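Following: one structure in structure tokens, then a few remarks.
Note that the structure is a prediction, hence the values are computed from the model and not measured. Starting from 1, each residue takes its place in the sequence as its number.
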Amino acid sequence: MAHYRASDSKREQFRRYLEKGGVVDSLTSVLVALYEQPERPSNALEFVKEHFCAAGLASADTEALQQEVNDLRQRCARLEEENKDLKTRLQRYEPEDGATAD
């Protein structure tokens with residue numbers, strides 16, 4: 001009986017480990033997606049592999065996209081500043097009344 005309890009304890013630890021790592025939630029999401037398919041895929045294992053990998057990559061993709069957004073915002077700010085500077089410089093060379101030299 002002691003062997004049974006030790007085995008049970010290991011299972012419980014392993015279950016907590018999987019829950020803490022988000023594995024249980026990811027698997028549940030993929031299985032729910034499979035269940036909700038209007039037509040069952042011909043290869044359920046392939047469906048699970050594709051969707052499980054996509055779920056795992058989502059956070060990495062999100063981080064990469066977030067970094068790209070930050071980089072583009074910085075670039076946009078630099079370009080706006082440059083544009084403002086160029087407009088100021090241009091005003092020195094163009095008359096304000098819009099008159100053109102003929």
inquiry  = Under a 4.0 Å threshold between the charged nitrogen and the carboxylate oxygen, would Glu80 count as salt-bridged to Lys84?
reply    = no

task = Spell out, yes or no, whether Leu72 and Leu79 are grouped together once hydrophobic residues are joined by side-chain heavy atoms under 4.5 Å, including indirect joins.
result = no

request  = State the NE2-CD distance between His51 and Glu46, to the nearest 0.5 angstrom.
outcome  = 11.0 Å

Criterion side-chain hydrogen bond (donor to acceptor under 3.5 Å, both in side chains) on Asn70 and Gln74, from CA distance to verdict = CA-CA 6 Å; Asn70 291 335; Gln74 290 174 357; over 6 Å; no

inquiry  = Is there a continuous path of hydrophobic side-chain contacts, each under 4.5 Å between heavy atoms, that joins Val32 to Val23?
reply    = no

note = So CG of Asp71 and CZ of Arg73: to nearest 0.5 Å the spacing works out to 11.0 Å

key: Nearest-0.5 Å distance, CG of residue Leu45 to NZ of residue Lys49   = 4.5 Å

ask   = Taking it one step at a time, do Phe47 and Arg40 satisfy side chain to side chain contact (heavy atoms under 4.5 Å, CB included)?
value = CA-CA 10 Å; Phe47 178 91; Arg40 301 283 184 242; over 6 Å; no

inquiry  = So, taking the atom named CG in Leu18 and the one named OG in Ser26, what distance separates them when rounded to the nearest 0.5 Å?
reply    = 10.5 Å

key: Passing candidate, side chain to side chain contact (heavy atoms under 4.5 Å, CB included) with Ser9, options Arg11, Glu12, Gln13   = Gln13

note = Tightest non-hydrogen contact, residues Val48 and Leu34, listed as CG2-CD2, 4.3 Å

key: Nearest-0.5 Å distance, NZ of residue Lys20 to CZ of residue Arg15   = 13.5 Å

query = Going from CG on Leu86 to CD on Glu81, what distance comes out if it is rounded to the nearest 0.5 angstrom?
reply = 10.5 Å

